[in-house]
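Notes follow once the structure below has been shown.
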Amino acid sequence: MSTLDASPAGRKRAATSDDKAERKDDALMVMSVEKAFRVLSAFGRQHPTLNLSQVASVTGMDLSAAQRFTHTLVKLGFLSKDSETKRFELTAKTLDLGYHFFRSSRLVDRAMPYLMHLSKETEETVNLTMLEDTEIIFVSRFLSRHVLNTDVIIGTRMPAYCTAPGIAMLSRLPEAEAMAIIDRSDLQPHTPSTTWQRESLVSKIREARAQGYATAFEEFYLGDASIAAPILDHRGRPEGAVNVAVSCSRYSREEVVTRYSSLIIATAHAISRV
């Protein structure tokens, strides 16, 4: 395996034999579309530019297929190619899909006034996230004047198991389903405070289910504290989560819960459709 495939993100992007077998059994699956998105997904913060052989390595394609798909995506305007270095990178046109999501998402539209109110009420960073398999995705974010991790922007992904929004959403799934997601996750201690062992995660999910909110203190980023509550759809399943994020240097764990637990529960309940 090349160094490009060494990270968890790289391993996830690469097509596994199980993935290939599952797609082969799906008669409606258009493999060329899947491959095109696999190429686009190869680019990111770790790999902002890639040459042709690197695209092939990350996506698991041969050079001929990688050449055809990168050429097509360049023609469509989703990739650009440097004439000197022969390296590819994403273009601004890829933002179109995200723009259409924000304009059409009923959750984002429904949540926006409540998130704005929570942001003004707390004067802290407020986020709306969604669960996608083993990760959470930030889909809306209101920043506070207090400095937090500036690496987090809309579209950022984090492991669900070590984030407050992730645990909050997992807590409202049937336990077997939640633990299946945990078992698919790349469990590891991102910081000395990360809850990452399976037995401890079971307890944390059950606790979040009982109290209606979840917390994470320096579990993914040092110095960050987060408290989150799940947003439920009409079936009572988690549709998203709202969280307040603050600095551990400004609040103790007890203060985070005392100040914000009732606010985020009320906000999540107002956005929910149950």
Side-chain angles (χ1 to χ4, degrees), residues 9 37 40-41 43-45 78 90-146 148-173 177-178 181 208 212-216 220-221 224-246 260-274:
F37 276 97
L40 292 175
S41 298
F43 296 85
R45 183 174 179 178
F78 291 102
L90 298 176
T91 69
K93 188 174 182 179
T94 58
L95 293 173
D96 286 351
L97 292 176
Y99 171 77
H100 293 312
F101 167 77
F102 288 115
R103 296 294 294 177
S104 62
S105 171
R106 287 176 290 180
L107 173 61
V108 173
D109 185 61
R110 196 169 71 247
M112 199 57 62
Y114 299 102
L115 299 176
M116 292 176 64
H117 176 76
L118 184 62
S119 175
K120 292 178 181 178
E121 186 80 8
T122 64
E123 296 186 341
E124 301 291 353
T125 297
V126 171
N127 301 302
L128 175 68
T129 56
M130 299 178 72
L131 183 67
E132 185 176 284
D133 195 31
T134 64
E135 297 176 313
I136 63 167
I137 305 173
F138 287 75
V139 296
S140 188
R141 183 165 167 84
F142 291 82
L143 295 175
S144 77
R145 57 187 174 86
H146 303 291
L148 277 175
N149 195 294
T150 56
D151 291 340
V152 180
I153 60 174
I154 292 175
T156 293
R157 292 171 175 263
M158 292 183 186
Y161 74 89
C162 58
T163 59
I167 293 296
M169 287 184 277
L170 290 176
S171 74
R172 295 311 298 259
L173 290 173
E177 187 175 342
I181 292 173
Y213 65 87
T215 58
F220 193 73
Y221 289 119
D224 283 3
S226 176
I227 183 167
I231 298 167
L232 307 180
D233 65 15
H234 64 282
R235 300 169 297 172
R237 290 180 62 84
E239 189 176 12
V242 58
N243 82 294
V244 171
V246 300
Y260 302 119
S261 59
S262 60
L263 285 173
I264 61 155
I265 290 174
T267 301
H269 179 74
I271 302 170
S272 295
R273 293 188 289 168
V274 290

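- Considering only heavy atoms from C-beta on, L107 comes within 4.5 Å of I231 through its side chain.
- Between M169 and T129, the shortest heavy-atom contact is CE-OG1, 3.7 Å.
- In summary, of the residues considered (T267, V242, I264), a side-chain contact (heavy atoms from CB on, under 4.5 Å) with V126 occurs for V242 alone.
- Looking at V152 and F220, their side chains never come closer than 4.5 Å, going by heavy atoms from C-beta outward.
- Side-chain atoms of S171 come within 3.5 Å of backbone N or O of A168 as a donor-acceptor pair.
- Note that the CG atom of N243 and the CD1 atom of I136 stand 7.0 Å from one another [nearest 0.5 Å].
- Under the side chain to side chain contact (heavy atoms under 4.5 Å, CB included) criterion, L173 pairs with L131, L170, E177, A178, I181, R237, P238, not counting sequence neighbours.
- With hydrogens and angles ignored, the 3.5 Å screen pairs a side-chain donor or acceptor of S272 with a backbone N or O of L232.
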Start with the C-alpha gap between L118 and V244, add the side-chain angles, then the distance that decides, and say whether side-chain contact (heavy atoms from CB on, under 4.5 Å) holds. CA-CA 9 Å; L118 184 62; V244 171; 4.0 Å; yes

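- Scanning all heavy atoms of the two residues, the minimum distance from A216 to C162 falls at CB-O, 4.2 Å.
- Between the CG atom in L143 and the CD atom in E124 there is a gap of 11.5 Å [rounded to 0.5 Å].
- Remark: Y114 OH is loosely packed, at most 12 non-hydrogen atoms of other residues, nucleotides or ligands lying under 6.0 Å away.
- Although no hydrogens or angles enter the test, the distance criterion places a donor-acceptor pair under 3.5 Å between the side chain of T125 and the main chain of S144.
- The CG atom of L90 sits 10.5 Å away from atom CZ of F78, with the distance rounded to the nearest 0.5 Å.
- Taking each heavy atom of Y260 and I227 in turn, the nearest pair found is CB-CG2, 3.8 Å.
- Distance check: T94 OG1 to D96 CG gives 8.0 Å after rounding to the nearest 0.5 Å.
- Between F138 and M158 there is a side-chain heavy-atom pair separated by less than 4.5 Å.
- S140 places a side-chain heavy atom less than 4.5 Å from the side chain of L115.
- Between atom CZ of residue R235 and atom CZ of residue R172 there is a gap of 13.5 Å, rounded to the nearest 0.5 Å.
- With a 4.5 Å cut-off on side-chain heavy atoms, V108 and F101 count as touching.
- Remark: the backbone N or O of F102 is not paired with any side-chain donor or acceptor of S105 at under 3.5 angstrom.
- Taking CZ from R157 and CD1 from I137, the interatomic distance works out to 3.5 Å, rounded to the nearest 0.5 Å.
- Judged by distance alone, the side chain of R110 and the main-chain N or O of I271 form a donor-acceptor pair under 3.5 Å.
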